[in-house]
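Reminder, nothing fancy here: chain letters follow the sequence lines and each chain counts from 1. Atom set for the values below is all heavy atoms of this structure, side chains included, hydrogens, waters and symmetry mates excluded.
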Protein chains: 2
Amino acid sequence: MSQELTGRQRSILAFIHRCIREEGAPPTVREIMARFGFASPSTVSGHLQALQTKGYLRRKPHQSRGLQLVQEQVEKIFYRTEGIPVLGTVAAGKPLVAYQNIEEVLTLKKLLPERGFALRIQGESMSGAELHHGDYALVRPQPLANDGQIVVAIVNGDEGTVKRYRERRGKIILEPANPDYEPIEVAPEEVTIVGVVIGLYRRLS
Amino acid sequence: MSQELTGRQRSILAFIHRCIREEGAPPTVREIMARFGFASPSTVSGHLQALQTKGYLRRKPHQSRGLQLVQEQVEKIFYRTEGIPVLGTVAAGKPLVAYQNIEEVLTLKKLLPERGFALRIQGESMSGAELHHGDYALVRPQPLANDGQIVVAIVNGDEGTVKRYRERRGKIILEPANPDYEPIEVAPEEVTIVGVVIGLYRRLS
DNA sequence: TGACAACCCGTACATCTGTACGGTATACTC
DNA sequence: GAGTATACCGTACAGATGTACGGGTTGTCA
């Protein structure tokens with residue numbers, strides 16, 4: 001479906017991309033026309049048609065500013081602004097980061113959807129689950145958790161801790177992943193679940 | 001600047017918000033009109049005027065879909081463009097993500113400076129270093145490595161692999177971190193160092 | 001009662017907007 | 001030389017669009 005873009009098509013795609021990000025809405029045909037110094041709206045129409053058939057764009061017919069970027073395709077081209085490119089393979093020769101070789105793009109949104117936050121891991125109580133001191137836990141805030149998930153929880157108004165969440169016999173067990181530490185067993189009303197750890201980031205080297 | 005909203009105004013603001021998120025562009029006056037069953041565009045205009053003077057909305061005069069939410073702009077700046085907030089502590093009560101409590105902000109640039117890329121780990125050859133199948137290795141491209149660093153290397157034109165880099169007796173050893181796998185020992189000229197793994201990202205839950 | 005705010009209608013209009021049709025020019029390939 | 005892809009122009013038009021002006025209803029509060 002998705003094919004190579006010509007220079008003009010790429011530029012126009014970039015302009016649409018910028019408009020959506022900075023202006024909050026896609027441009028009109030004539031705004032694109034003005035931006036590139038075209039003298040006819042048909043010129044733009046042609047390019048949009050090409051971008052659409054190549055799978056980078058969707059158009060809502062007869063709607064003003066009815067342009068939508070097909071996110072997966074566009075991210076691959078503008079990975080620099082959007083996120084971290086994930087390469088399919090690394091081979092000798094050829095430019096490394098070419099968009100033909102990008103499998104996926106890691107964006108902040110994908111790392112942490114909605115309005116999450118990160119917590120730096122203190123101590124080694126979760127080292128059995130490979131959360132070590134200094135690692136970043138990416139936390140999605142939510143008030144409930146499933147059995148077995150790693151959560152950020154507050155017990156009796158203390159500071160939040162990172163533990164594995166278990167439910168047993170009507171009690172809640174906050175379980176460290178390191179046998180040197182003791183599990184905490186409390187009644188549900190003593191615990192506030194702040195969020196669930198959905199990702200891990202570690203700085204190496 | 002910003003004042004209380006009436007019920008209608010809040011509903012309309014929510015609708016605009018949804019349109020921007022789901023449709024990719026703000027609605028037109030008449031789309032709002034249709035959504036709420038109004039019979040006159042003036043009705044909408046009045047509400048938009050109110051939302052604007054109350055500071056929730058900006059309007060680009062005489063532009064189709066020329067609506068911008070003020071609030072969302074702010075969110076974008078702090079959460080999406082800037083990065084992931086790293087909290088110092090998590091405590092009960094109080095809003096969680098308040099800027100007084102943000103120790104650091106994880107940006108894409110910090111995760112991966114310059115023009116790096118990510119590689120998905122294949123297999124368990126590096127599991128001793130806690131790089132498991134499906135993890136993302138964040139790679140900073142560079143042609144040289146220090147002893148002990150984890151690198152992405154190409155041996156004899158093959159595909160790149162992730163291994164620990166060692167120098168011994170003029171040879172280069174690419175060492176898996178899992179004893180089930182064999183180290184690769186080659187002459188320096190047979191190896192191309194693509195980059196150094198400077199970070200790890202794992203999706204959990 | 002009068003003032004006011006919130007809410008809505010109807011109509012009008014200049015301008016904007018997407019799209020269509022037909023045309024030109026250049027470069028490249030078979 | 002014919003065919004094709006890319007790139008662009010000019011014109012036209014139906015319908016969409018933001019906005020303006022004037023008027024109406026309901027409920028609240030002093």
Side-chain angles (χ1 to χ4, degrees), chain A residues 1-20 23-70 73 77 99-100, chain B residues 1-20 23-70:
Chain A
M1 177 57 73
S2 81
Q3 303 162 47
E4 294 275 339
L5 293 182
T6 67
R8 260 295 193 245
Q9 286 162 11
R10 216 188 122 98
S11 302
I12 290 174
L13 199 65
F15 176 62
I16 296 170
H17 186 248
R18 197 176 61 72
C19 276
I20 292 175
E23 305 296 329
T28 66
V29 169
R30 278 168 182 85
E31 281 168 1
I32 300 176
M33 182 180 127
R35 162 64 183 78
F36 289 93
F38 297 146
S40 164
S42 296
T43 305
V44 178
S45 259
H47 288 303
L48 293 181
Q49 184 55 49
L51 283 169
Q52 188 176 22
T53 45
K54 290 187 181 180
Y56 290 85
L57 201 65
R58 260 175 295 132
R59 286 206 281 179
K60 303 184 194 169
H62 301 280
Q63 281 214 5
S64 70
R65 307 180 190 274
L67 303 176
Q68 281 185 317
L69 298 186
V70 177
Q73 297 301 327
I77 291 186
Y99 67 90
Q100 295 93 338
Chain B
M1 175 60 70
S2 79
Q3 303 163 43
E4 291 279 337
L5 294 182
T6 68
R8 261 293 194 247
Q9 287 163 10
R10 203 189 344 260
S11 301
I12 290 174
L13 199 66
F15 176 63
I16 296 170
H17 185 254
R18 198 176 61 74
C19 276
I20 292 174
E23 306 295 329
T28 65
V29 169
R30 279 169 182 82
E31 281 169 1
I32 300 175
M33 181 179 127
R35 161 64 182 78
F36 290 93
F38 297 147
S40 164
S42 295
T43 304
V44 178
S45 258
H47 288 302
L48 294 181
Q49 185 54 49
L51 283 168
Q52 188 176 21
T53 45
K54 291 189 180 179
Y56 290 86
L57 202 64
R58 260 175 295 131
R59 286 205 283 178
K60 304 184 192 168
H62 299 281
Q63 281 213 4
S64 69
R65 304 178 189 277
L67 304 175
Q68 284 185 317
L69 298 187
V70 172

Visitor: Under 4.0 Å, heavy atoms only, any strand: does B:Gln49 hit a base, just the sugar-phosphate, or nothing?
Guide: nothing
Visitor: Rounded to whole Å, please give me the gap between CZ in A:Arg10 and C1' in D:dT6.
Guide: 18 Å
Visitor: Whole Å only: how far is the CZ atom of B:Arg8 from the P atom of C:dC7?
Guide: 8 Å
Visitor: Do the side chains of A:Val70 and A:Arg58 get nearer than 4.5 Å, heavy atoms only?
Guide: yes
Visitor: Measure CD/B:Gln9 against C1'/C:dA6 and give the value in whole Å, please.
Guide: 8 Å
Visitor: Could you tell me how far apart A:Phe38 (CZ) and D:dG10 (P) are, to the nearest whole angstrom?
Guide: 13 Å
Visitor: What contact category does A:Ser64 fall into here, base, sugar-phosphate, or nothing, at under 4.0 angstrom with non-hydrogen atoms?
Guide: sugar-phosphate
Visitor: Please check the phosphate of C:dC8 (OP1 and OP2 only) for any side-chain N or O of B:His47 closer than 4.0 Å.
Guide: yes
Visitor: On a heavy-atom basis, which atom in B:Ala25 and which in A:Pro26 lie closest, and how many Å separate them?
Guide: CB-CD, 3.6 Å
Visitor: Mind calculating the distance between CG (B:Leu57) and P (D:dG18) to the nearest angstrom?
Guide: 12 Å
Visitor: To the nearest 0.5 Å, tell me how far B:Gln52 CD sits from B:Ser45 OG.
Guide: 10.5 Å
Visitor: Across the strands shown, which category fits A:Thr6 at heavy-atom distances under 4.0 angstrom: base, sugar-phosphate, nothing?
Guide: sugar-phosphate
Visitor: For each nucleotide in nucleotides 19-30 of chain D, reading 5' to 3', give B when a protein heavy atom comes within less than 4.0 Å of its base, S when such contact involves only the sugar-phosphate, and - otherwise.
Guide: BBB---------
Visitor: For a quick test of reading the model: is some side-chain N or O of B:Arg65 closer than 4.0 Å to OP1 or OP2 of C:dC16?
Guide: no
Visitor: Can you find a heavy atom in the side chain of A:Lys54 that is under 4.5 Å from one in the side chain of A:Thr6?
Guide: yes
Visitor: Write down the distance between CD1 (B:Ile32) and C1' (D:dA16), rounded to a whole number of angstrom.
Guide: 15 Å
Visitor: Under 3.5 Å, which protein N or O atoms sit close to an N or O of nucleotides 24-30 of chain C? Give each pair with its distance.
Guide:
none

Visitor: Measure the spacing between CZ of B:Phe38 and CD1 of B:Ile12 and express it to the nearest 0.5 Å.
Guide: 4.5 Å
Visitor: Answer yes or no: is there a side-chain heavy-atom contact under 4.5 Å between A:Arg59 and A:Leu67?
Guide: yes
Visitor: What integer distance in Å separates B:Lys54:NZ from C:dA5:C1'?
Guide: 10 Å
Visitor: Under the side-chain contact (heavy atoms from CB on, under 4.5 Å) test against B:Leu48, which residue among B:Val29, B:Thr53, B:Thr43, B:Leu13 passes?
Guide: B:Val29
Visitor: So B:Glu23 and B:Glu31, do their side chains get closer than 4.5 Å, heavy atoms only?
Guide: no
Visitor: Expressed in angstrom and rounded to an integer, what is the separation of A:Leu51 atom CG from D:dA5 atom C1'?
Guide: 15 Å
Visitor: Any heavy-atom pair between the side chains of B:Arg8 and B:Phe36 that's under 4.5 Å?
Guide: yes
